[in-house]
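Following: one structure in structure tokens, then a few remarks.
In what follows, chains are A, B, ... by sequence order, proteins preceding strands, each numbered from 1. Just so it is clear, the structure is predicted and the values come from calculations on it, not from any experiment.
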Amino acid sequence: MTAFDRRRWVLTASVVVAVIVVAAALIVFAGADPLVGIQGLVEGVSSSPYRIGEVLVGAVPVGIVALTLIPALRAGVFSVGAEGQIVVGAIAATAAVFAVESVTGGAAPGILYWLVGLLAGSAGGGAMALLPAFLAVRWRVNEILSTLLLNYLAAGLLGWTLRTWLASPDETATPQSAKLPEAAALPSLLPGTRAHWGILLVIVIAVAFFLWRRSAASTRLTVFASRPKLALRLGATRSRTIYSTMLVSGVGAGIVGWIQVAGVNERLLNSVTGGVGFSGLAVALLGGLAPIGIVLAALFFSALTAGAVGMQSATGTVPSSIAEVIKGVLLIGVACIAAYQRTAVAALAPAAAPIDAEHDTEPAHEGGRS
Amino acid sequence: MTASQEQGDRVLEARSLSKSFGPVRALHDVSLVVRPGAVHALVGENGAGKSTLAKLLAGIERPTAGSMTLAGRPFAPRDRAAAKRAGINMVPQQLSLVGELSLVENYLLVGPRRLADRRSARALLTETLERAGVAVELDTPTSALTQAHRQLGEIVVALAEGAHTLILDEPTASLGPLEVGGLFAHLRSLCALGTAIVLITHRLDEVRQVADDLTVLSHGENVHHGSAAGLEPSQIARLMVGELAAAPARADRTIGEVVLAAEGLVAASTRDSPLDGVDITVRSGEIVGIAGVAGSGQNLLLDVLGGFVQPSAGTVALAGTAAGASASASVFQRAGLAWIPEERSEAVVPTMTLAENLTVYSTAIGSSSRVGRPTASKVGARLQAFDVRPPRPDLLASGLSGGNQQKLLAARELGSAETPRAVLAYGPAQGLDLRAAQAIRERLAALAAEGAAVVVASHDLDEVLGVADRVLVMFAGRVVADLLIAQATTERIGRAMAGLTGTPPTADPEPEVQV
């Protein structure tokens with residue numbers, strides 16, 4: 001284990017400790033016993049099949065977003081546009097499903113709805129991702145900035161859509177679309193829960209990325225992240241890399257948009273993303289860009305949300321929004337780890353801990369020019 | 001107090017300075033005297049120890065042996081700040097001004113605390129400007145100034161900090177001829193006020209233009225110290241480079257077809273001199289050396305030849321690529337172009353293991369590669385063949401020392417089972433000890449004997465002359481000399497490197513080289 005690895009584990013451990021300390025402090029501050037709170041948390045996650053199902057349902061969108069971010073993050077392309085891509089994917093999927101309904105007169109089989117929804121969602125999310133990719137390739141617009149700002153554009157588009165061309169014909173308290181046709185809904189995987197077939201999709205994607213890790217493309221992206229000139233020799237040009245990686249994450253987010261509409265809410269809502277675009281980024285980093293790690297991290301995030309509800313009902317005083325605070329602390333911690341990884345790799349790379357100095361004749365300071 | 005009164009007690013003298021970095025001797029027994037009111041030029045090849053000497057004077061490094069005196073009293077600055085307080089300041093080659101801030105604000109950043117208000121800082125700078133007879137805009141962000149004015153601004157800030165001895169590290173490297181003239185005029189007027197100036201430069205004609213005293217370093221030793229008067233640039237070049245080492249015996253090689261050819265290359269880069277119509281032809285079995293002072297366009301030329309930079313005019317053709325194929329780095333790689341860049345950090349991936357680095361082409365391009373995936377035992381054998389220490393395939397490349405990373409790079413680019421069609425190498429032996437460097441030279445010669453077309457660039461002239469059959473000398477983005485190794489005398493190359501070309505003697509266009 002190198003010094004770099006050791007320090008990374010120390011950093012990770014301190015993040016975990018910080019999260020526990022903050023959580024305990026918040027519970028005490030809210031006037032509750034931390035032990036009772038933890039008990040409520042565990043019950044909120046596991047006391048009934050329905051609750052276990054909720055954890056799984058919550059993990060699906062975060063997991064897909066995080067998994068499909070693997071190529072971009074591996075290449076050092078920091079896209080934070082999943083929120084907006086989910087929205088556009090959801091709008092496209094909803095519109096496509098209603099289009100199929102009107103064309104077939106409501107007689108379409110489920111499989112057709114699912115296929116069209118999946119494709120439309122992918123196309124919507126992918127298109128939304130190609131815009132910042134184009135800006136980054138053509139004019140070197142920072143992709144963090146452009147994807148972040150496009151999220152606002154997408155949110156505005158969603159609000160407008162739900163009040164105009166996809167608005168529900170019924171009087172509703174909040175803007176929303178009409179309910180999707182019964183056949184378009186993703187069937188439940190576990191009876192008595194909201195856990196739907198999207199779970200299988202997560203597993204498929206995770207396995208695919210697990211196999212992809214040893215592929216030529218994966219190697220090219222790793223090289224691109226730190227050695228762009230060498231990557232050019234491998235055929236990984238800047239434009240090809242940015243377009244392909246952002247397209248993958250955009251398609252993933254678009255599919256999530258479809259799943260949230262067809263599998264969870266059964267209609268398009270203003271709150272379709274529920275913040276999973278951002279949590280997905282956190283989960284991807286928390287999972288160390290490894291498929292198994294990401295699946296576990298997604299389950300952890302989802303369990304935290306579900307458990308916080310249990311905590312609220314057990315203690316009576318701790319609001320369930322404690323989950324968001326804890327996620328926030330975790331996110332900052334993960335960002336620190338990621339920042340450390342990026343800088344440490346750069347700083348340590350030239351001559352990190354030379355194992356053999358015996359034949360190192362390079363002056364430490366003289367450098368190239370004098 | 002007038003300048004002349006101060007001068008007598010301001011002589012900076014270094015006696016027998018030596019500096020080693022670990023086992024490496026950067027400077028050995030160097031003495032010099034820096035006189036107030038004089039420009040002291042410091043010249044030498046890359047790696048000759050100029051920067052090390054400057055850093056010792058400026059307190060950035062401390063000597064391993066030897067001593068310095070200032071005004072007759074012992075001078076052993078603990079750090080850069082101590083040297084500054086004593087009046088000795090260094091202006092680095094990469095200017096340290098913050099681009100977003102004006103000169104006044106920059107001065108507030110580095111100046112003494114008591115001056116931490118803008119008005120008095122501005123007053124002091126204005127006074128300094130007047131004293132030095134320099135006009136530089138004080139209140140615009142320094143990034144909006146010309147390079148020459150930034151340079152002057154940096155000098156003015158140093159003077160305002162109380163410097164009486166200025167060390168300028170290649171101040172003219174990024175200036176045009178007119179700007180250089182202007183800078184020198186200002187340096188002379190500073191000298192007239194009693195300032196001592198140590199001028200590090202690569203351009204030997206500048207020595208004649210501006211220097212009073214001259215120190216020439218070669219391989220860390222002082223080979224000339226005294227008046228600069230009466231020395232011709234060609235004489236200085238001879239002092240710098242020394243007599244050519246006897247070229248190692250060369251095996252007969254058959255010079256064959258043209259493998260790599262470029263015509264009329266024009267390209268620009270922020271890091272190097274723009275290429276201005278460069279032609280180069282490299283034949284199978286031939287080793288072409290590219291010499292020149294750093295920043296003469298060699299780096300950009302290799303980038304264009306490697307397919308990394310597309311020229312704005314001109315063509316690059318590599319045998320084995322389809323006539324219509326784009327001249328991209330990946331096309332050239334697949335056609336068998338080996339690549340060792342000047343910065344090895346561009347080519348070695350620190351987060352990958354030695355084995356992964358070694359096999360990156362086959363793993364990242366997949367089965368379509370010319371070379372199959374090497375097996376684990378082959379990887380270990382290749383690491384050992386190139387003396388990579390330790391030869392552990394599963395070690396991360398970041399765990400290797402710099403020299404061993406260079407060997408790893410050579411093992412990947414020069415050690416594959418198939419002979420590369422062409423080799424582009426910039427300083428392939430940099431950071432290597434003599435034995436390892438010799439092994440790389442022998443490997444390059446062996447590849448040429450097997451039919452590869454080899455290009456070796458380096459700012460270490462010995463590295464080029466030790467292996468090349470033909471030497472191209474670059475200056476300011478052009479090839480100013482094309483010499484067969486037999487014609488490549490120190491004097492000719494030295495003159496060409498300094499841009500002193502009348503009509504450079506060129507090699508026979510159809511070289512019938514008996515090497």
Side-chain angles (χ1 to χ4, degrees), chain A residues 1-5 8 74-76 212-241 289 341-370, chain B residues 21-24 26 44 46-52 54-55 61 93 170 200 294 306-308 328-330 332-333 339 341-343 345-352 356 360-361 363-366 387 389-390 395-406 427 430-434 436 459:
Chain A
M1 190 153 74
T2 65
F4 172 60
D5 279 336
R8 194 190 153 192
R74 173 150 301 175
W212 176 83
R213 281 195 337 151
R214 298 221 162 270
S215 72
S218 166
T219 309
R220 283 201 294 273
L221 296 185
T222 308
V223 173
F224 178 85
S226 64
R227 300 292 180 258
K229 222 165 150 181
L230 178 59
L232 277 180
R233 272 169 73 80
L234 306 174
T237 61
R238 197 175 116 81
S239 66
R240 199 173 295 173
T241 305
L289 298 190
Q341 263 173 310
R342 287 184 99 179
T343 55
V345 168
L348 295 180
I355 287 183
D356 168 34
E358 191 187 344
H359 276 264
D360 181 19
T361 61
E362 189 176 42
H365 301 281
E366 178 72 350
R369 55 162 232 274
S370 86
Chain B
F21 296 101
V24 181
N46 281 96
K50 301 188 299 291
S51 286
T52 306
K55 283 175 181 167
E61 299 280 356
Q93 189 178 15
E170 296 192 41
I200 299 178
F308 301 103
S328 74
S330 62
F332 284 177
Q333 191 276 325
W339 173 66
E342 180 187 15
E343 301 289 335
S345 62
E346 290 177 337
V348 175
V349 188
T351 50
M352 302 203 322
E356 285 167 341
V360 72
Y361 294 127
T363 49
I365 296 173
D387 195 30
R389 300 179 190 208
L395 183 75
L396 285 183
S398 60
L400 290 182
S401 65
N404 279 298
Q405 288 187 12
Q406 187 74 22
Q430 58 182 313
L432 298 182
D433 59 41
L434 288 175
H459 36 239

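Ring centers of B:Trp339 and B:Phe308: under 6.0 Å apart, within the cut-off.
Applying the side-chain contact (heavy atoms from CB on, under 4.5 Å) criterion to B:Glu343, with sequence neighbours excluded, gives B:Ser345, B:Glu346. Residues meeting the side-chain hydrogen bond (donor to acceptor under 3.5 Å, both in side chains) test with A:Thr222, sequence neighbours left out: none. Remark: A:Ala217 pairs with A:Trp212, A:Ser215, A:Arg220 by the side-chain contact (heavy atoms from CB on, under 4.5 Å) rule, at least two apart or across chains.
Heavy-atom pairs under 4.5 Å with chain B were tallied for A:Leu230, A:Leu221, A:Val223; the largest tally goes to A:Leu230.
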(request) For B:Thr363 and B:Glu356, run side chain to side chain contact (heavy atoms under 4.5 Å, CB included): C-alpha distance rounded to whole Å, both residues' side-chain angles, the deciding distance at 0.1 Å, then the answer. (result) CA-CA 8 Å; B:Thr363 49; B:Glu356 285 167 341; over 6 Å; no
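Closest heavy-atom contact between B:Ala26 and B:Thr52: CB-OG1, 3.9 Å.
Here the OG atom belonging to B:Ser328 is positioned 10.0 Å from the CD atom belonging to B:Gln333, to the nearest 0.5 angstrom.
Only the backbone of B:Val348 has a heavy atom closer than 4.5 Å to any heavy atom of chain A.
Residues of residues 233-241 of chain A lying under 4.5 angstrom from chain B, judged on non-hydrogen atoms, are A:Arg233, A:Leu234, A:Gly235 by number.
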